[in-house]
Amino acid sequence: MIKKVLIANRGEIAVRVMRSCRELGIATVAVFSDADVDAFHTRMADEAYHIGPSPSSESYLVGEKIIDAAKRAHADAIHPGYGFLAENAKFAQMVADAGLIWIGPPPKAIEVMGDKLAARKTVTSSGVPVVPGFEKAIDDVDSLHSQVDKIGYPILIKAAAGGGGKGMRTVYSPEDLESAYRGAMSEAKNAFGDDRVYIEKYIEKPRHIEIQIMADTHGNCVYLGERECSIQRRHQKVIEEAPSPLVDEKMRRKMGKTAIEAAKACGYVNAGTVEFLADNDRNFYFLEMNTRLQVEHPVTELITGIDLVKEQINVADGGELSFDQKSVAIRGHAIECRIYAEDPDNNFMPSTGELKSYREPSGPGIRVDSGVVEGSQIPIYYDPMISKLCVWGATRDEAILRMKRALSEYRICGVSTAIAFHETVMDHEAFRKGDLSTHFIDDHFKDRKYSVHNEEHILRAAAVAACFYDFLESKRISTGGSSRGDSSRWKNSGRIAGLRKPMENGR
Amino acid sequence: MIKKVLIANRGEIAVRVMRSCRELGIATVAVFSDADVDAFHTRMADEAYHIGPSPSSESYLVGEKIIDAAKRAHADAIHPGYGFLAENAKFAQMVADAGLIWIGPPPKAIEVMGDKLAARKTVTSSGVPVVPGFEKAIDDVDSLHSQVDKIGYPILIKAAAGGGGKGMRTVYSPEDLESAYRGAMSEAKNAFGDDRVYIEKYIEKPRHIEIQIMADTHGNCVYLGERECSIQRRHQKVIEEAPSPLVDEKMRRKMGKTAIEAAKACGYVNAGTVEFLADNDRNFYFLEMNTRLQVEHPVTELITGIDLVKEQINVADGGELSFDQKSVAIRGHAIECRIYAEDPDNNFMPSTGELKSYREPSGPGIRVDSGVVEGSQIPIYYDPMISKLCVWGATRDEAILRMKRALSEYRICGVSTAIAFHETVMDHEAFRKGDLSTHFIDDHFKDRKYSVHNEEHILRAAAVAACFYDFLESKRISTGGSSRGDSSRWKNSGRIAGLRKPMENGR
Amino acid sequence: MSYLAKIQDREFVVGLDDKGKTTTLIVDGAPVEFRCTTRKNKHRFLMLIDSKSYDVEVNRKDGKFSVFIYGREFEVTAEDERLAKLRKVAGLELSDDGHKEIISPMPGLVSNLIKNVGDQVSKGEGVIIIEAMKMENELKSQIDGEIAEILVKPGQSVDKGECLVRFK
Amino acid sequence: MSYLAKIQDREFVVGLDDKGKTTTLIVDGAPVEFRCTTRKNKHRFLMLIDSKSYDVEVNRKDGKFSVFIYGREFEVTAEDERLAKLRKVAGLELSDDGHKEIISPMPGLVSNLIKNVGDQVSKGEGVIIIEAMKMENELKSQIDGEIAEILVKPGQSVDKGECLVRFK
């Protein structure tokens, strides 16, 4: 029986995992870097252990330190969250070797799915459709052209060890091929220490649709419907929803079965996500498998009513899935907006600082997963996500309107956020129609300014607010009402006194 | 088409109604008394109108002022929330007479159901089972004994115009009958200006189970499952859940049909609740009909996925119900804990003051409906409810554990709250087993102290926290690190200077 | 600095000392691993004691401390240990004063008197009913005693903190 | 007191005056119904203007005001109207300075230089890439101009507010 879990992560996902643990009566252990000594996940845990300086390479990415903390805390198990060490097969193995339970898939499955070429090969052998392309890395420049000719331009050169858009090049014509190949190889080598690249057909404006699966050690494997994550910026998902407006019951069943095939092909256990590219004719191709809990898992929880983290713990503890395929039912529609500390008016540049004001929306159909409170710092060292704002609605339309309402209630002062951007997307006709693709933002929002507001009465009120604040402050200074007023007065009289003396002397 | 709604209420329910309006693109108008000029509902509305001094008899209960505000704001409709004027048939008529839409049932239905004797008579004629008793007020003392003899002791004497336990007496034996009768009559006269009282069989330790119904002007009437509200203190519900652990599908259908009969008997339109008393053999008796949205409506929303306020607006606007009986499905389990500002250790005495610290729980399965923010005042003039904390779980067990987690995350400093009480209930074996009755608190929690904590490490930490805070403060004063320290220093030196002068003079 | 802290029925001797940048903690004579961070708002802080995490808030209240921890507010008294010892030796215990009166905990309306002047009242018995927030609230005696004086009448409105009843 | 307030491309003349307990408001010469409440935290307040409700928060920031209203933060400048007029008459407009440099908006690592010294750059063109929070962030020129100086090298870490590039 798992009785104490160390969460090898920070921010909202650490808090999210702790919440499920608490509901299961499981004690929680946080780890924290220097920057996170005062973080919400540190505060929320039952116990907390310091694991080093702020850079993640010296703290959250150091497996030994985490296992050491788990031993000091007498934890039974480690939950990795997402990111950091979540898809590190070696760490998963270290955890097992230390006699701890790893709340995640077997190291072998992580390893296979982490290598894109191996993953392609594995799932293809199980009959899973993949994007047309090749199962082997490019050996030499000579074979390059002949390979491409077989599938035709445009093509994508991808790093076998890839991720996050690194070591990736789109090529539209033969003359760019060789330089793109060399560029991708050297980037892959720098980023992953592995220069293997391979070729896939480039699918223009695809939709990104993924299937959540959950497998136990007793041979049960169930799919929990799909999520559409087509709204991306800088190769990163920003808005996700479930179900997908494209997917009908037939496609869902087909994708679900395919996802289970892919999972079984690598001996998968625990929660995982099989990502597909899809076109508007409902063709779909295996893209990769994420061997962890995803950022966007709450939208699946909202439409299925299943707590995925609890289920992860149950499965890691040797339990059978608490549901079977037949009992999984989808109800309503859920949307997630990732609330990053960033400036959407300035190419989504990260924003750091203190949350001077912080109040989350609430009421019907709202779920906020966050790892901050008022006064929290958004540190420079990590992903600048403040929270995931999720809504549930009986229909997609209701969910969209509810998201708009929730965004309008959200109060964050001190850092720039993507809230105005999300509001603009929720209002966009193409989004409302469900006409999505991974190029959505480029297609519809290029050089858009989100913070511009055209409602005269709001601009007028903002102007009045600034004036009134200054008016109040100056009154306070002149009458000395508050402590702030006092200190200003002290300063002023000090300066005047300081000025006066030499003048008197000069007379 | 309703485009602007005035909400004739305050606190969480005003905020709740505004949220649904906002999702429908409907502008919102708040009204506020002196005490509420800075209240959250005033802040959240698009427009806000002052309607008088703090006592509700001079503001929220003055129909003319509210209709005047609605006219100034050019509102189309008025939503009364619950309490205040929600069940005032005259006000509903005034609203209609002023050419405004009343978001609630027809005045006639309010009137019939507001008079308990008329309600009994009306529903009985439709074959609805009522608690054994009489359909007429007691005319004279002579008929009293003969009436009681027909049904046997114990009996309940109830005021026809009653509510809130006033004008009500339980009688166990004949010798107490006459004095109880006179007491009830005089109390009823004082409280309602109507001394009619009548006799019902007293059901010992009943369960309080109610059916939510929703009817439109096109003749559709649908029941939305039941809520169990057996956990009460001071005749007031404090914990509600849906579905009831007692009710099975057969009983639900039977109660639902009965509720629809009751609603049809009085020509009901809009949202309403038919309350029943039930025993553990699943017999049930009509108690009364509440002709408004109930406090505890969120638990029904959580298990059905239907937004009742949106549906109220739709129906008031002449629309058809957006669902029929067949499409209403119950999923999972929901619980609501009412978070009052009160001291459960001291007979739930109301507590007033400022919310020095206020942070709501969040994450999976939590919904908080509140009308406050950090820094809000809990005024003395109104119901001291801070919020309604609701959870959804796939099962009742999950919901209970989730509620415990949510309660433990809730942070309220500055006023006493019922949180520790709710935690104790969630842990109680009888509650976990669903073994409920309206006497639950008296039976299991008499003279219980909720704030006592026996975990040594928490007491130790609390002791250390107080000492450490004092330690920090004294350091700050001695080193003058902060502005607080500064001002103390100024005060000290001022005093010393003030003392010194006369001493110098004296020398 | 050494404190004597009382909470519920427990007493702790708490020693705090600054060693360079860190603060050391000794509870009941035994050193305890301690780490604390405070943000701008100095009365809300995180303590790690023996690696256990406590997210606390401390407010001064009537000469005592109100400590919010693990979802509840506790009343704590903390005083200099030497002073406390001296007081004990001298037999000067902190008196249990304030209970010889019934003070209105809120503004409201006196709706009923349950007891009268001269009545013998036991601890926990109801003495007077105050209506506030649409509810009737029974105020109970905190001691056994005889009522010396009732300072209010039914129908009278009272303020928070107003003395309603005095005992002998 | 009369202010000239600027927000986005709009200007408002805002007159505020204390009349006894209330404050009167005149915007662009016309009196406007105004009511305002502030709690302890004076920079967060509620305004009712013509009965419209605005829940605002104002913070001073670099001599301007950051106003949170209707879910967004706006930059507002507000100055004494007479001073503003005098300045205008004297031709002393507030200068658009600060754009002849590229300042790092966050701490991070210089990962690449897109332009070199001597390059002609158009407004909106990328000049330098800073890696922070695991992402590469392209910093763009706010003006058309020629690069005079690049003060950092790839691989170098930079602080928030550090000057990276100067234009001629």
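Each chain gets a letter, A, B and so on, in the order its sequence line appears, and its residues count up from 1. Heavy-atom basis, side chains included; hydrogens, waters and symmetry copies ignored.
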>> Heavy-atom pairs under 4.5 Å with chain B - which of C/Arg10, C/Glu138, C/Glu11, C/Lys64 has more of them than the others?
In response: C/Arg10
> Any idea which of C/Met47, C/Met1, C/Glu57 has the most non-hydrogen atom pairs under 4.5 angstrom with chain B?
Replying inline: C/Glu57
So which part of [X] gets closer than 4.5 Å to some heavy atom of chain B, the side chain, the backbone, both or neither?
X	answer
C/Asp80	neither
C/Ser66	neither
C/Val14	side chain
C/Asp9	neither
C/Asp18	both
C/Leu16	both
C/Leu4	neither
C/Val27	side chain

So for [X], is it side chain, backbone, both, or neither that comes closer than 4.5 Å to the heavy atoms of chain C?
X	answer
B/Glu423	side chain
B/Asn347	side chain
B/Leu407	neither

> Looking at B/Tyr381, does the NZ or CZ of B/Arg10 lie under 6.0 angstrom from its six-membered ring centre and within 45 degrees of the ring axis?
Replying inline: no
>> Which label fits C/Tyr70 and C/Tyr54: parallel for a plane angle under 30°, tilted from 30 to 60°, or perpendicular past 60°?
In response: tilted
> Can any side-chain N or O of B/Asn9 pair as donor or acceptor with the backbone N or O of B/Tyr82 at less than 3.5 Å?
Replying inline: yes
> Side chain of B/Ser54, backbone of B/Ala35: donor and acceptor closer than 3.5 Å?
Replying inline: yes
Centroid-to-centroid, [X] to [Y], below 6.0 Å?
X	Y	value
B/Tyr410	B/Tyr358	yes
C/Phe34	B/Phe468	yes
B/Tyr60	B/Tyr382	yes

> Checking salt bridge (Lys or Arg N to Asp or Glu O under 4.0 Å) for the pair B/Lys388/B/Glu360: CA distance, chi angles, key distance, verdict?
Replying inline: CA-CA 11 Å; B/Lys388 301 181 315 202; B/Glu360 294 175 352; over 6 Å; no
> When heavy-atom pairs shorter than 4.5 Å are enumerated against chain C, which of B/Met349, B/Arg411, B/Glu456 gives the highest number?
Replying inline: B/Arg411
>> As a test of understanding, state which of C/Lys100, C/Lys115, C/Arg166 forms a salt bridge (Lys or Arg N to Asp or Glu O under 4.0 Å) with C/Glu149.
In response: C/Arg166
